[in-house]
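Note sheet for the following structure.
We name chains A, B, ... by the order of the sequence lines, and we start the count at 1 in each one.
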2 protein chains.
Amino acid sequence: MTIHQTPGRLVTIADVAREAGVGESTVSRVLRGQGSFSKRAGERVLEAAARLGYVPNRLAGALAGNADSAGSQLVGVVIPSLANIVFPDLLRGLTGALDEAGFQGVVGVSDYDPVREEALVAGLLSWRPAALVLTGLEHTALTVTRLRAAGIRIVEMIDTDGPGLDIVVGFSNRAVGHASARHLVGRGYRRIAYVGHDLGRDVRAAKRLAGFEAALAEAGLALHARELVAERSSAAAGRAALEALVARAPDTDAVYFSNDDMALGGYFACLGSGWAVPGRIALFGCHALDITAAMPQPLSTMRTPRLAIGRAAAEHLRAGGPPGTIDLGFELSEGATA
Amino acid sequence: MTIHQTPGRLVTIADVAREAGVGESTVSRVLRGQGSFSKRAGERVLEAAARLGYVPNRLAGALAGNADSAGSQLVGVVIPSLANIVFPDLLRGLTGALDEAGFQGVVGVSDYDPVREEALVAGLLSWRPAALVLTGLEHTALTVTRLRAAGIRIVEMIDTDGPGLDIVVGFSNRAVGHASARHLVGRGYRRIAYVGHDLGRDVRAAKRLAGFEAALAEAGLALHARELVAERSSAAAGRAALEALVARAPDTDAVYFSNDDMALGGYFACLGSGWAVPGRIALFGCHALDITAAMPQPLSTMRTPRLAIGRAAAEHLRAGGPPGTIDLGFELSEGATA
DNA sequence: AAAAATGTTGGCAGCGCTGCCATTCCGGGA
DNA sequence: TCCCGGAATGGCAGCGCTGCCAACATTTTT
């Protein structure tokens with residue numbers, strides 16, 4: 001029962017035209033519901049197409065349609081990772097809105113590597129996408145050159161801390177870090193440490209930390225300690241890192257995590273070691289992952305509008321408006337751990 | 001600083017040919033490193049292409065190249081959801097292997113809806129993909145017809161419980177459920193309940209439950225209770241459901257969850273209510289999400305090879321072999337909650 | 001009733017690329 | 001020196017579709 005029957009050639013618009021007894025142009029018009037045609041022609045074409053099992057060839061359509069401008073209805077998307085739940089969320093908002101608008105997303109994963117992104121962008125551009133959606137503001141010079149030359153709408157998601165190429169949708173990671181520190185300081189914590197993952201790659205986590213330290217400095221404080229893991233963020237890494245940190249700096253009274261999954265790991269470390277949260281040690285995360293709301297003590301964290309960012313990115317794809325930055329903000333999720 | 005410069009026409013192969021002082025065919029051969037050409041011609045073409053910033057148009061390439069067979073280098077992918085971490089994992093394995101092989105994935109999200117899948121498949125087929133990767137074995141009749149007519153390789157991921165269309169890569173969800181029940185029964189639990197999410201849509205969770213109940217029956221048992229939430233699986237839903245379940249059937253001694261995130265929610269419920277795990281109540285999940293390994297008591301669950309499935313799916317795309325099922329199995333992750 | 005306006009329709013030239021084929025170029029053997 | 005086989009090359013016909021335009025049909029207006 002192989003599926004490979006490939007009877008020969010696939011049905012083309014010419015076959016439908018012959019079957020329906022009309023011209024090719026009429027078939028084209030009917031199928032796209034564009035231009036004028038008689039009711040009778042419409043019926044016959046639809047009927048013939050169904051009878052023949054016609055599947056339009058968008059490759060040809062896009063090629064013929066509009067050679068320059070928005071060639072196809074494909075939209076290239078580059079995200080850094082699928083392992084960090086933040087990005088599937090982004091993708092979720094994006095694909096949802098994208099296919100409401102009749103677009104198809106072509107997804108590439110850069111693994112936080114600008115050089116990898118460069119290659120992905122080159123590959124995506126060769127499909128003549130209607131637009132490109134990237135993550136973050138940091139790109140190689142060659143990527144930027146190519147993007148400029150492509151003459152299509154570019155959306156950069158998530159990070160508004162810096163100049164964008166065209167449209168930027170996100171929030172200020174710096175401000176998130178800043179607000180997080182203000183919250184901890186306001187709660188009276190003074191010996192505040194940081195637990196994070198590979199900052200060399202995750203530029204946005206680094207920006208949050210910068211904002212965090214800036215706010216500490218404004219309050220006359222500095223990071224009490226810091227523990228970085230080389231790997232990607234995960235609960236296991238957060239757990240190990242917090243344990244290491246507490247061993248080194250036992251008097252730490254609050255910890256800022258680069259990410260909620262790290263923070264969740266930290267929470268587990270506290271549970272395992274019997275450290276009272278937030279009595280013995282307070283925990284603060286970032287992103288407000290769904291899970292954290294179900295914890296016995298909801299995690300104190302910052303809610304970032306990931307779905308909304310994806311959706312907004314998709315919605316601004318077609319808009320012919322001027323370049324600009326759309327800041328969707330963030331919100332304190334008070335929780336009970338800090 | 002608009003990016004929209006669209007100087008007019010994009011650079012075509014003809015422009016490169018003129019610039020390099022060779023024919024179009026030579027440019028095409030050089031750029032694809034195929035056919036024979038002199039070293040000198042090769043250099044000049046590459047140079048000219050770089051100078052002009054030439055970006056090949058794969059739309060045209062695919063259209064001209066091989067009209068029938070593997071038209072483009074696009075691969076259509078349909079997954080049911082991005083909210084359930086299982087699918088991003090699948091996607092991760094898939095896109096990784098896909099772009100090693102030079103393919104680009106076009107992703108659609110069906111939201112667990114076969115009718116939505118039908119529309120997505122139709123849309124994807126119109127890009128003349130080299131192959132299609134779907135999730136699960138359940139499709140509408142029309143989808144199946146179209147898939148057959150397309151004459152391309154089809155891979156169905158994750159579920160091996162039933163006949164596939166072409167290539168199937170995954171594990172038996174029924175067997176997972178069965179093994180889970182055997183484990184709980186073997187540990188001496190007798191009043192075993194089930195906590196799950198919307199089974200009407202998540203067919204695979206339903207298959208796991210069926211296998212689970214079958215194993216219970218073999219042991220002379222039946223489900224002690226069950227609690228279903230209508231929404232999608234999540235920690236919050238798991239927590240609420242477990243609390244409801246314990247209220248209704250306080251003597252339950254073990255709970256099988258449809259998913260690890262549900263189980264994690266259940267664990268949080270136990271922590272919150274002070275129910276000893278597994279003394280008062282044992283918990284068993286499914287999928288072995290990363291997070292669960294960091295818990296103070298690692299969750300007892302079944303490790304499913306999600307990344308490997310994605311990778312295997314991509315690898316079997318090109319293989320011209322016969323249809324068949326590849327069962328990647330699963331593995332008990334003993335943990336400490338059951 | 002003729003003219004003008006409007007509604008339908010089919011033919012055909014591309015879109016940018018690749019496959020095919022005929023042609024040219026080159027070095028080595030007769 | 002001439003001829004021959006293979007490497008290198010360019011021209012051109014499509015791939016399937018859409019945009020444009022001219023042709024024709026049908027109404028409406030005067």
> Does any N or O in the side chain of A:Arg44 come within less than 3.5 Å of the main-chain N or O of A:Ala20, such that one atom is a donor and the other an acceptor?
Replying inline: yes

> When you measure from the side chain of A:Asp89 to the backbone N and O of A:Val86, does any donor-acceptor pair fall under 3.5 Å?
Replying inline: no

> For C:dG19, does either OP1 or OP2 sit under 4.0 Å from a side-chain N or O belonging to B:Arg32?
Replying inline: yes

> Whole Å only: how far is the CG atom of A:Leu59 from the P atom of C:dC17?
Replying inline: 13 Å

>> Between A:Glu24 (side chain only) and A:Ile13 (backbone N and O only), is there a donor and an acceptor less than 3.5 Å apart?
In response: no

> Which listed nucleotide (C:dT9, D:dC15, D:dT18) is nearest to the side chain of B:Ala64?
Replying inline: D:dC15

> Taking CD from A:Glu24 and P from C:dG10, how many angstroms apart are they, rounded to a whole number?
Replying inline: 10 Å

> Can you check the B:Asp15 CG to C:dC15 C1' distance for me, whole Å?
Replying inline: 14 Å

> Within this structure, what is the NZ-to-P distance between B:Lys39 and D:dT9, rounded to whole angstrom?
Replying inline: 14 Å

>> Just to be sure I understand the rule, does A:Arg29 reach a base, reach only the sugar-phosphate, or reach nothing, if contact means heavy atoms closer than 4.0 Å?
In response: base

>> Could you tell me how far apart A:Arg18 (CZ) and C:dG10 (P) are, to the nearest whole angstrom?
In response: 14 Å

> Under 3.5 Å, is there a donor-acceptor pair between the side chain of A:Arg92 and the main chain of A:Pro88?
Replying inline: no

>> Rounded to whole Å, how long is the line connecting atom CG of B:Leu10 with atom P of C:dC15?
In response: 13 Å

>> Would you say A:Thr26 places a side-chain N or O within less than 4.0 Å of OP1 or OP2 belonging to C:dG10?
In response: yes

> Can we say A:Arg116 and B:Asp99 salt-bridge, meaning some charged N sits less than 4.0 Å from an Asp/Glu carboxylate O?
Replying inline: yes

> Rounding to a whole Å, what distance do you find between A:Phe37:CZ and D:dT18:P?
Replying inline: 13 Å

> How would you label the contact of A:Ala17 with the nucleic acid (heavy atoms, under 4.0 Å): base, sugar-phosphate, or nothing?
Replying inline: nothing

>> Closer than 4.0 angstrom, basic N to acidic O: yes or no for A:Arg201 and A:Asp113?
In response: no

> Choosing from C:dT18, D:dG16, D:dG10, which nucleotide comes nearest the side chain of A:Leu63?
Replying inline: D:dG16

>> Quick check against the 3.5 Å criterion: does A:Thr135 have a side-chain atom that pairs as donor or acceptor with the backbone of A:Val78?
In response: yes

> Counting only side-chain N and O atoms of A:Ser25, is one of them less than 4.0 Å from OP1 or OP2 of C:dT9?
Replying inline: no

>> Need one value for B:Ser38: base, sugar-phosphate or nothing, where a base atom within 4.0 Å counts as base even if backbone is also close, heavy atoms only.
In response: sugar-phosphate

> A:Ser36 has a side chain; which of C:dC17, C:dT9, D:dG16 sits nearest to it?
Replying inline: C:dT9

>> Whether the side chain of A:Glu156 engages the backbone of A:Leu165 through a donor-acceptor N/O pair (distance < 3.5 Å, no angle test) should be reported.
In response: yes

>> In this structure, how many angstroms lie between the C1' atom of C:dC17 and the CZ atom of A:Arg128, rounded?
In response: 11 Å

>> Tell me whether the side-chain N/O atoms of A:Ser28 come closer than 4.0 Å to OP1 or OP2 in D:dT18.
In response: yes

> Hey, does the side chain of A:Gln34 come within less than 4.0 Å of D:dG19's phosphate (OP1/OP2), counting only N and O?
Replying inline: yes

> Bend angle of the helix from C:dA1-D:dT30 to C:dA30-D:dT1 from five-pair axes at both ends, rounded to 10°?
Replying inline: 50°

> With nearest nucleotides of DNA chain D determined for A:Thr12 and B:Gly23 from heavy-atom distances, which residue corresponds to the more 5′ nucleotide?
Replying inline: B:Gly23

